[in-house]
Structures are given as C-alpha cells and as structure tokens.
Amino acid sequence: MAQAVSDFSGRRPLILTVPGLGGSGPAHWQSLWESSRGDTARVDLGMWDSPHRNVWVTKLDQAIRTAKAPIILAAHSLGCLAVAWWAELAGQPWGWPVAGALLVAPPDVDRAGACAAIRGFAPSPRVSLPFPSILVASDDDPYASVQRSFDMARDWGSHHVEIGAHGHINAESGIGLWHEGQALLDRLIGAAEGPMAHGAALAEVQAMIATEARP
C-alpha cells in the first residue's frame, strides 16, 4: 500500500461519528460522546430509516473532505459498512485524511434474512482499509456473530476486540458514555498523533494498537 506523507502539523484529530440505521438517539454512546467531548461531531448521512449506500458514502466523503483536521471515524452498526465502502471507493492513500476508525458492531449484511434496509450495503467490502482500525464485537450481537465480526476485521485489516455480552453495543446495552470504547478511541488518536504523524506504516501502527488496545 502506498504511504502518504501526513501533514498533521500538530493538529489534534477530529472525531466524526457515523451512526447506523435509524441514527443514534440521545442515550446512544455516539450522542453522549458528541455532547461531552470537544473534539467530536456527527456526520449527517440523512435517510436514517431508509439508507442508500451511494448517498451515505457521498455524504461521508463530503464530511471528510471539508474537515480542517485529520479524521478519526467512530462508526456504529451500518455506519461501519458506509466507512468500508467509502474506503473502497475513495482511493485514499495510507493514513490521510482519515487517520483511523473505531468500527463498532458492524452488521452482517451478507447473511440470509438480512433486513431490506441493510441489504443495499451488500456485499461487505473485502479490502484492507487505508488507515488503522479497531473492530469491536459483542458476544450476543443479534446482527452479526462473533465469527462474522472476526471475518470482517480480517478482511478490513482491523484489530478485533470482543467485549463480552453487550447486545448491539447501543443505547439498549446500558453502556452510557462507554468509557471502554473511549479508551480504544484514545489508542487510535495516539497512533494518529504519534507514529502515523511521523510516517509509520500500517503493520507498525496496527501492531502498536493490537498490543495496547484493551476494552
């Protein structure tokens, strides 16, 4: 993978949350992060209840391209598939402008019986993401088995983290501000501000994240 020179210039990354089907309500960890962190904002993908892959990817691309700082994406559910499709279609070089992604509970859009609202995001992309990433999975997620989550992490080159039985890792999971998730996010921020800002390659950065990332 071609390596880009990342012009971080001492700028702290901007965290962009990417919600899934239905958006994220006020008790969702994404909404709580947006209201409690000064570095976090939501990508308004629109069409929350009837998502269209190309529209979501275009909206995500616009948000990324207009940002004035390096980007860390914090995606949930179908938002993870929007990120994966953006990465496949955008042709970003390694680590810039997106410097990392936290991918939480991506659904299995390829499974038999997947609801119509998410089938338009199938097939799940199977290319390595051009930035370091952590994929977080729950043992009892009704929308993807742990094995399927592991397969997506492998396809995308993501570090896979299992956090036990927390459903779909959403508001109903009762995790509030989800401090464990913020610790994982901080690992990605640290990688962006540290080794990536100095030209580190994927293998080096992912090895650091895999060693240090603990839910």
Side-chain angles (χ1 to χ4, degrees), residues 13-67 69 71-90 97-109 114-122 124-125 129 131 133-138 141-144 149 152-153 156 158 161 163 166-182 184-185 188-189:
L14 172 65
I15 313 305
L16 292 180
T17 62
V18 188
L21 179 66
S24 296
H28 194 286
W29 58 267
Q30 287 181 315
S31 301
L32 296 174
W33 288 10
E34 292 158 15
S35 62
S36 64
R37 297 178 61 106
D39 59 355
T40 304
R42 176 170 300 191
V43 179
D44 184 6
L45 301 176
M47 304 176 68
W48 293 115
D49 296 321
S50 54
H52 187 281
R53 188 192 74 188
N54 290 348
V55 172
W56 274 25
V57 169
T58 298
K59 292 280 191 178
L60 179 58
D61 185 71
Q62 291 172 345
I64 291 169
R65 301 299 175 188
T66 57
I71 299 298
I72 303 287
L73 300 171
H76 178 253
S77 193
L78 195 61
C80 300
L81 273 296
V83 169
W85 273 111
W86 177 84
E88 177 160 297
L89 298 172
V98 175
L102 183 67
L103 306 169
V104 182
D108 182 3
V109 296
C115 72
I118 71 173
R119 284 201 300 267
F121 287 72
S124 176
L129 303 178
F131 40 77
S133 56
I134 299 172
L135 190 152
V136 185
S138 166
D141 189 337
Y143 301 108
S149 296
M152 285 185 277
W156 299 342
S158 305
V161 173
I163 62 169
H166 289 284
H168 197 43
I169 319 180
N170 54 13
E172 286 71 29
S173 301
I175 54 178
L177 279 164
W178 194 31
H179 297 291
E180 295 86 351
Q182 293 196 61
L184 294 172
L185 179 68
L188 291 166
I189 294 172

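Worth saying up front: this structure is predicted, and the values here are computed from it rather than measured.
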How long is the span from the [atom1] atom in [X] to the [atom2] atom in [Y], to the nearest 0.5 Å?
X: Ile134; Y: Leu184; atom1: CD1; atom2: CG; value: 5.0 Å
X: Glu172; Y: His28; atom1: CD; atom2: NE2; value: 8.0 Å
X: Ile163; Y: Ser138; atom1: CD1; atom2: OG; value: 6.0 Å
X: Asp108; Y: Ser124; atom1: CG; atom2: OG; value: 8.0 Å
X: His179; Y: Leu185; atom1: NE2; atom2: CG; value: 13.5 Å
X: Tyr143; Y: Ser149; atom1: OH; atom2: OG; value: 13.5 Å

Has [X] got a side-chain atom pairing as donor or acceptor with [Y]'s backbone, closer than 3.5 angstrom?
X: Thr66; Y: Gln62; answer: yes
X: His76; Y: Ile169; answer: yes
X: Arg42; Y: Leu16; answer: no
X: Ser173; Y: His166; answer: yes

Could you tell me which non-hydrogen atom of [X] sits nearest to which non-hydrogen atom of [Y], and how far apart they are?
X: Trp48; Y: Trp56; result: CE3-CZ2, 3.8 Å
X: Ile118; Y: Pro107; result: CD1-CB, 4.2 Å
X: Ala84; Y: Leu129; result: CA-CD2, 4.1 Å
X: Trp156; Y: Cys80; result: CH2-O, 4.4 Å
X: Ala27; Y: Leu32; result: O-CD1, 3.8 Å
X: Pro26; Y: Ser31; result: O-CB, 3.8 Å

Residues in salt bridge (Lys or Arg N to Asp or Glu O under 4.0 Å) contact with Glu88, at least two apart in sequence or another chain: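 With sequence neighbours excluded, Glu88 shows a salt bridge (Lys or Arg N to Asp or Glu O under 4.0 Å) to no residue whatsoever.
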Requested in this report: List in chain and number order the residues that pass salt bridge (Lys or Arg N to Asp or Glu O under 4.0 Å) with Arg53, two or more places apart in sequence or in another chain; answer none if no residue qualifies.
Outcome: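 Listed in chain order: nothing, the list is empty.
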Just wondering, do [Y] and [X] contact through their side chains at under 4.5 Å, heavy atoms?
X: Trp86; Y: Val98; answer: yes
X: Pro106; Y: Leu81; answer: yes
X: Met152; Y: Leu135; answer: yes
X: Trp29; Y: Ile175; answer: yes
X: Phe121; Y: Leu21; answer: no
X: Leu78; Y: Pro51; answer: yes
X: Ile72; Y: Leu102; answer: no
X: Val83; Y: Leu103; answer: yes

Requested in this report: Go through the side-chain N and O atoms of His168 and Asp141 and say whether any donor and acceptor fall under 3.5 Å apart.
Outcome: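 Per modelled atom types, His168 and Asp141 side chains form a pair under 3.5 Å.
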query = Have Gln30 and Thr17 got a donor and an acceptor in their side chains that come within less than 3.5 Å?
reply =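 No - no donor-acceptor pair under 3.5 Å links their side chains.
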Using the test side chain to side chain donor-acceptor pair (under 3.5 Å), find all partners of Gln182 that sit at least two apart in sequence or belong to another chain.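 Expected list: Arg37.
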